[in-house]
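Below, chain A is the first sequence line, B the second, and so on; all start at residue 1.
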2 protein chains.
Amino acid sequence: MFSKACEYAIKASIYVAAQSLEDKRVTLKDIAAEIDSPVAFTAKILQQLVRNDIMQSTMGPTGGFQIEKSLIDTIQLAEIVHTIDGDGIFTRCGLGLKKCNAKKPCPVHDKFSVIRDELREVVGNISLFELASGLYVGLTHIKR
Amino acid sequence: MFSKACEYAIKASIYVAAQSLEDKRVTLKDIAAEIDSPVAFTAKILQQLVRNDIMQSTMGPTGGFQIEKSLIDTIQLAEIVHTIDGDGIFTRCGLGLKKCNAKKPCPVHDKFSVIRDELREVVGNISLFELASGLYVGLTHIKR
DNA sequence: TTTAAATAGGACAAATTTATCCGATAATAA
DNA sequence: TTATTATCGGATAAATTTGTCCTATTTAAA
């Protein structure tokens, strides 16, 4: 469904958000340990998220990553997915055809449109706050 | 969503099915040309489909691929997907967690379960006959 | 001011997926 | 029986994704 990079991005964002709710900044190492991901690879992904204003980073000692508290409930899962994987998953033809649309559809067009729309609707309406609170209260997990 | 190999497999199966409905056997070259896919790569994929009894092949002149006519409406899209990509798309956690289930869910578990179930339901209930007839009557296309 | 702890980012490596090449094998038809 | 036309399948290559390494840069604290 999502690329591995995107999975890491989502998990990292949820963890950073949960910590930010407590005004805690977290280091790259923490994040990688918490979501069970390769450190250096995770660093690249976090950089993308920072460049796209999903989160903020601070260099130097006491540095790390955090998400502006007031924005946590305005960031939707869709923004993270879009930043890392683009919008292919929401728009791409199920059979990979370049020219597939309602007028000249591929054989699975109609049925897959429904699923893609539902996916778009779902990830477009889950906020980072919702995801992070579930983690915070121990209702969900994120590691392995 | 699906791997490229799986996309080729689906398109090839639809084309072969449509031709088989007219009792026409088709060659590898025909298939690759018709679905705009690399010939040799397509050959590998077709071999997998043959080994899994999705279609049949005949060597030698007048040889090629076909699907037993009486079985075309019993083969569901799910079987093709399963043969090439396995069942990961139906079962895998949205965040790639090994131990994600209703008791100890990942943050997106519930919402993604719905989508995966719907996907499973859809591909489990589209028959090759349905897909091939759409192509046959020119309602759908499969190339580019 | 120096040191240490943190992210930034370029270059490179491994793994996986996608794609190609070529000889072997099978089967039809002349 | 031979030539031709197919698929089969192993080896290899290219492309993409995933992952690593190392140095530079920034910044807080001693």
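- Checking D:dG19, D:dC8, C:dA29 against the side-chain heavy atoms of B:T62 singles out C:dA29 as nearest.
- Rounded to whole angstrom, the span from the CD atom of B:Q48 across to the P atom of D:dG9 amounts to 12 Å.
- Both A:G60 and B:K44 sit near DNA chain D, but only B:K44 has its closest nucleotide nearer the 5' end.
- The main-chain N or O of A:L95 is found under 3.5 Å from a side-chain atom of B:K11 such that the two form a donor-acceptor pair.
- B:Q66 has its CD atom 14 Å from the C1' atom of C:dA27, to the nearest Å.
- Atom P of nucleotide C:dA19 and atom CD1 of B:I35 are separated by 11 Å, given to the nearest angstrom.
- With hydrogens and angles disregarded, no donor-acceptor distance shorter than 3.5 Å links the side chain of A:E118 to the backbone of B:I115.
- Counting only heavy atoms from C-beta on, A:S57 has its side chain closest to C:dA8 among C:dA8, D:dT7, C:dT18.
- Contact annotation: A:Y8 side-chain N/O to D:dT18 OP1/OP2 distance is not under 4.0 Å.
- Heavy atoms of other residues, nucleotides or ligands lying less than 6.0 angstrom from CZ of A:F112 number more than 12.
- Checking D:dG19, C:dG9, D:dT7 against every side-chain atom of A:R51, the shortest atom distance belongs to C:dG9.
- DNA chain C lies under 4.0 Å from at least one heavy atom of each of the following residues of residues 24-31 of chain A: A:T27, A:L28.
- Here the C1' atom of nucleotide C:dT17 and the CE atom of B:M1 are 19 Å apart, to the nearest Å.
- When side chains are defined from C-beta on, A:V123 counts as touching A:F90, because their heavy atoms get closer than 4.5 Å.
- Counting only distance, with no hydrogens or angles, the side chain of A:R120 and the backbone of A:A78 share no donor-acceptor pair below 3.5 Å.
- Here the side chain of B:Q76 pairs a donor or acceptor atom with the backbone of B:G124 at under 3.5 angstrom.
- In the set D:dC21, D:dT25, C:dA27, the nucleotide with an atom closest to the side chain of B:M59 is C:dA27.
- Following rounding to the nearest Å, B:L46 (CG) and D:dC8 (C1') show an atom-to-atom distance of 12 Å.
- Nucleotide D:dG9 holds its P atom 15 Å from the CD1 atom of B:I45, rounded to whole Å.
- Among C:dA19, C:dA8, D:dG9, the nucleotide with an atom closest to any side-chain atom of B:Q47 is D:dG9.
- Checking D:dT18, C:dT28, D:dT27 against the side-chain heavy atoms of A:A5 singles out D:dT18 as nearest.
- There is no path of hydrophobic side-chain contacts, each under 4.5 Å, that joins B:M59 to B:V16.
- Residue A:F2 contributes atom CZ, which lies 16 Å from atom P of D:dT17 at whole-angstrom precision.
- Between the side chain of A:K4 and the base of D:dG19, no donor-acceptor pair of N or O atoms lies under 3.5 Å.
- Distance from the side chain of B:P61 is smallest for D:dT5 among the nucleotides C:dA8, D:dT5, D:dT27.
- No more than 12 heavy atoms of other residues, nucleotides or ligands shown are found within 6.0 angstrom of CZ on B:F129.
- The B:F41 side chain lies nearest to C:dA19 when the options are D:dT20, D:dT7, C:dA19.
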